[in-house]
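This report refers to the structure that appears directly beneath it.
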Amino acid sequence: MAMAGAWAEHTVDVSGAKIFLRRAGKGTPVIVLHHDIGTLDKLAFYDELAKSHDVIIPDYPGWGRSPRLEWMRHPRDVAVFMQGLKAELGLAQAALVGLGFGGWIAAEMAAMAPREVSKLVLVGAFGMKPAEGDILDQAIISYIDYPHAFFHDRKAFEAHYGNVSVDQLEAWDIAREMSFRIAWKPYMYSQQLPHLLGAVKAPALIVWGDDDRVVPVSAAHRFKTALPNGRLEIVKGAGHAVEMEKPVELARLVSPFIAAK
Amino acid sequence: MHLMYFTEQPMSAYDEKAGLDYGATALTFSNKHFDPKEGSRLYNEYIEQYLLVEEVGIDGIMLNEHHNAPFCMQAKTNVFASILAAITKKVKIVILGNPLPLAENPIRLAEELAMIDMISKGRLVSGFVRGGGQEQLSAGVNPAFNRERFIEAHDLVVKAWTQPGPFRWEGTHYQHRVVNPWAVPLQKPYPRVWIPGVISKETIIWSAQQRYPYIALNTSIEQTKKIWELYDATAADCGYTSGPENRGYLARIHVAETEEKAIENARQFTWMQGEFTGLAHPVWANPAGYFSPSGRRDFVQFAVGRSQNPRGDMSFEQQMASGMIMAGTPKTVLPRIRHLLEETRPGILSVWAQDGKVSHEDSKTCIRLLGEEVFPQVREWAKELDLKSPFEADAPVSIKYSKDLKKKAVAAE
């Protein structure tokens, strides 16, 4: 099996904005769309994917190392920028792996340019109003309690974030502020998205942790209903951040799915 | 000097044990613990107290607004302002303040305030605030745009008051196609605007740039002096000399017939478990995007319990010792007020006279003593120290109406 190789860091100019990204691996281009809390630089799941595919992980404008765009008001604006990034990178098509909030971005990208998506993977995706329950409101819980809620097992949180540095707390606050700026209400879902996904003919893999306390699993069923070619997989013993808690299991689902013709 | 009376209108009959058990007494503390029979009783007692305030000759009544919490029953400041407009004759009705960013439709606020001004025959002081974090969350408005919404809503309201309609407003946060309210204020150019706040630099600077009096809310004497230093420096940059007519102060002062009674009642100033807006999670009071980015690193550590409240939690005894709470008979309280006046030189003084479970009778006694024994002496001192209110100084309503600017006003940053 090919090695992941070193992760390269790039900054790409998209429509006057600077998008920071990390990239590794060869093969099918895969764009990973990160959580609303941002992403750690290094994750086992990313390394696994990069063994078989060309994995691109951008920071959205305002998250991580991509400068904020003051005028942004909706995740669709981010999706448009990610489409622009794809164009700048010269990619006619890419597989999209959307993690949580990134799932909403991925779904928007697919809806706006269905032929440019080779495969769509939605993991604990935001963007749909759950038929039962609500998406967890981060506004009333703390900077640590919200990421805590991403995990089924607290030990998995600690393995990733340790004692939580002040830098990390600060990054979470900035991420939260960006989330408020662009997804305040309706909170973390679109009333239009269910009606826009009918044109997404690409195979879609919807993955949910069986203990996702951030997005109720009823949202997964709504995605499956809306997507013409969707399949739902539940991962046991995983919370919202399936990629952090069960990286090997998730990679075993996602990598072959992307590779399949 | 302009002397005012203030009460939070505490919901003193709520179930305190339930609040302690729940762990919060704000935002999400269930309103099943709000008994409207008690609410009805309390509102009518507060009305009686306000009528007494006018009777004993106090200049103004200060109102405010908070949501989702027992510490304050004023869910809509314009409601009480409307009541006072009709049932009082002389007091200034001082709203400190309408939380502008909570308004999805600032024109509606402009209309209500114009009605209040007309019905009261020109007694409205229309203060504005950003609103606390909890207010944003309770109203569902975006805290990340709080400051922008505050400024744009202010500009829109002032334009609605001063420019004949119809006009159209295509703003960033507000868009209106036909601004043409058939309710305009009686006072010209528009009702005075006073801006209450604590230590937020941006708000102090903005107020000075508008030439709006800033009302320091119960800050320590040292903090208050720093506020005036910043205000005065900004005023100088804008071409005017600021003075007592630009300065207000809210003091917690309870007076009673005896020292013991006064101190016993004054303890109620810490009735909300020491946090005057109730026990709340720090991220409720300061949702992301609400406060200055420069404070972010300190705040996030405090919000997860790693450091002390940057405001500092002072005990009742410490607050008494530092003068942030004053309690006693008129005779023992007056020297402390004198000290405050000498040190910070405000032209507007608001007395937050009681809180929590202080009885209706004791509240009325306090009002009577303030009006009859404390304030007359304070007025004499104010004359001696030349502490004029904006009314006495005939100060311009805003910088735009100044006649005394020394150089071109510097554009706001």
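Computed over heavy atoms, backbone and side chain alike; hydrogens, waters and symmetry mates excluded. All values reported here derive from a predicted model rather than from experimental measurement. Order of the sequence lines fixes the chain letters, A, B, ..., with proteins taken first and strands second; residue numbering starts at 1 for each chain.
- Summarising the local packing, CD of A:E132 is surrounded by 12 or fewer heavy atoms from other residues, nucleotides or ligands at distances under 6.0 Å.
- Of the possible donor and acceptor atoms, none in the side chain of B:W284 sits under 3.5 Å from a partner among the backbone N and O of A:I141.
- Panel note: side chain A:D173, backbone B:A288; no donor-acceptor pair is recorded below 3.5 Å.
- The two residues B:L137 and A:A139 have their closest heavy-atom pair at CD2-CB, 3.8 Å.
- In terms of heavy-atom proximity, A:D167 sits nearest to B:R297 at OD1-NH1, 2.8 Å.
- Of the listed residues B:A303, B:P287, B:G140, the one with more heavy-atom pairs under 4.5 angstrom with chain A than any other is B:G140.
- Counting heavy atoms of neighbouring residues, nucleotides and ligands inside a 6.0 Å radius, atom NZ of B:K76 exceeds 12 of them.
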Take A:V166 and B:R296 through the side-chain contact (heavy atoms from CB on, under 4.5 Å) test and state the conclusion after the steps.
CA-CA 10 Å; A:V166 181; B:R296 199 191 296 275; over 6 Å; no
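- Within a 6.0 Å sphere centred on NZ of A:K155, heavy atoms belonging to other residues, nucleotides or ligands number 12 at most.
- In this structure, the side chains of B:V283 and A:R176 come closer than 4.5 Å at one or more pairs of heavy atoms.
- More than 12 heavy atoms of other residues, nucleotides or ligands lie within 6.0 Å of NZ in B:K159, so this atom counts as buried by the packing criterion.
- Atom-to-atom distance recorded for B:R306:CZ and A:N163:CG is 7.5 Å, nearest 0.5 angstrom.
- Other residues, nucleotides and ligands contribute only 12 or fewer heavy atoms inside 6.0 Å of the CG atom of A:D134.
- In the displayed structure, A:R65 atom CZ is contacted under 6.0 Å by more than 12 heavy atoms of other residues, nucleotides or ligands.
- Distance CZ/B:F145 to CD/A:E177: 9.0 Å, rounded to 0.5 Å.
- Minimum heavy-atom separation, B:V141 to A:W184: O-CZ2, 3.1 Å.
- Taken to the nearest 0.5 Å, the OH atom of A:Y143 stands 12.0 Å off from the CD atom of B:Q301.
- Of all the heavy atoms in A:L169 and B:V300, the pair that sits closest is CB-CG2, 3.7 Å.
- Between B:Q134 atom CD and A:I140 atom CD1 the span is 11.5 Å, to the nearest 0.5 Å.
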